[in-house]
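The structure appears right after this line, and notes come after that.
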Amino acid sequence: MAKPILRQPPLRSHHLYGLSLSSVGLCVVLWIRAKTIGEDERGNAERRALFVGLWPPLLWLIGDTLERKRRRRRF
């Protein structure tokens, strides 16, 4: 029997893995951009890059949790 569409999660684990890898790229881009900004704005730009750098592990772990939940439902 097929699951109702409303009961399926809107995000799959591979979506979150992709977001995790993309946020690594975004962090690198923001860090490089911070080095090209003047001294007045550099501190804020570096903090923004470090903040985005905290996202990859979080997104990866959420993806792992969704994958484990999906595998558990299969058996």
Side-chain angles (χ1 to χ4, degrees):
M1 177 183 266
K3 291 183 186 179
I5 293 174
L6 294 176
R7 298 206 56 186
Q8 294 177 357
L11 285 176
R12 307 266 188 238
S13 59
H14 62 272
H15 294 141
L16 288 160
Y17 294 149
L19 284 173
S20 176
L21 294 174
S22 299
S23 64
V24 170
L26 178 61
C27 176
V28 170
V29 167
L30 288 174
W31 188 262
I32 290 171
R33 185 176 172 267
K35 297 300 177 188
T36 63
I37 294 178
E39 290 293 325
D40 297 338
E41 298 291 325
R42 185 173 293 173
N44 192 26
E46 287 176 350
R47 283 189 292 276
R48 187 176 304 121
L50 289 172
F51 175 70
V52 171
L54 295 173
W55 296 352
L58 172 73
L59 294 171
W60 195 271
L61 288 173
I62 293 172
D64 276 347
T65 302
L66 288 177
E67 182 66 23
R68 287 184 191 146
K69 188 175 181 182
R70 183 187 63 81
R71 285 184 183 172
R72 201 174 324 128
R73 285 184 181 171
R74 238 187 229 177
F75 296 112

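What's counted below: heavy atoms across the whole structure, side chains too, no hydrogens, waters or symmetry copies.
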Does atom CZ of R42 have more than 12 heavy-atom neighbours from other groups under 6.0 Å away? yes
Taking all heavy atoms of [X] and all of [Y], pick out the closest pair and write down the distance.
X   : Y   : answer
S13 : G63 : CB-O, 3.2 Å
S20 : P56 : OG-O, 2.9 Å
P57 : G53 : CD-O, 4.2 Å

Tell me, which pairs form a side chain to side chain donor-acceptor pair (under 3.5 Å) where one or both residues lie in residues 50-65, sequence neighbours left out? Y17-D64
If we only count heavy atoms from C-beta on, is the [X] to [Y] side-chain gap below 4.5 Å?
X   : Y   : result
H14 : E67 : no
R47 : N44 : yes
L16 : L19 : yes

Atom pair CG (L58) and CD1 (I62), whose distance is rounded to the nearest 0.5 Å: 4.0 Å
Quick one: do L11 and L59 end up in the same hydrophobic cluster if we chain Ile, Leu, Val, Met, Phe, Trp and Tyr together by side-chain heavy atoms under 4.5 Å apart? yes
Transitively linked via ILVMFWY side-chain contacts under 4.5 Å: V28 with V52?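 V28 and V52: separate clusters.
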